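The structure presented is a predicted model; accordingly, all values stated were derived computationally and were not measured.
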Amino acid sequence: MIELKIQAVGGGVGVELPPEVLKQLQTSEGETIFLENMFDGSYCLTKHDEKSAELMMLIDGQMHEEDA
């Protein structure tokens with residue numbers, strides 16, 4: 001687990017991501033990343049790509065079908 005501190009940034013707040021997190025996400029300054037709300041109420045920080053988006057849509061669809 002990596003601890004992140006919330007700090008003032010301009011007119012809002014933000015967190016500084018350590019180099020090891022950026023490396024794991026395969027992203028760098030200026031790119032867009034996403035904070036996804038997971039089914040259990042937790043959050044996941046991800047780099048969006050089409051393959052991941054399609055997989056999440058399939059998983060979401062299967063979970064809703066099983067609930068019905």
Hydrophobic cluster identity match, L35 and I33, side-chain contacts under 4.5 Å: yes
Side-chain polar contacts of residues 21-31 - donor-acceptor pairs under 3.5 angstrom, sequence neighbours left out - could you list them?
from, atom 1, to, atom 2, distance (Å)
T27, OG1, E31, OE1, 3.0
S28, OG, E31, OE1, 3.3
E31, OE1, S28, N, 2.7

Heavy-atom neighbours of E20 CD exceed 12 at 6.0 Å: yes
Residue I2 excluded, over 12 heavy atoms near CD1 under 6.0 Å: yes
Ignoring hydrogens and angles, write down the donor-acceptor pairs under 3.5 Å from the side chains of residues 36-44, residues two or more places apart or on other chains.
from, atom 1, to, atom 2, distance (Å)
E36, OE2, T46, OG1, 2.8
D40, OD1, S42, N, 3.0
D40, OD1, S42, OG, 2.5

Fellow cluster residues of F34, listed by chain then number, with links counted only when side-chain atoms sit under 4.5 Å apart: none
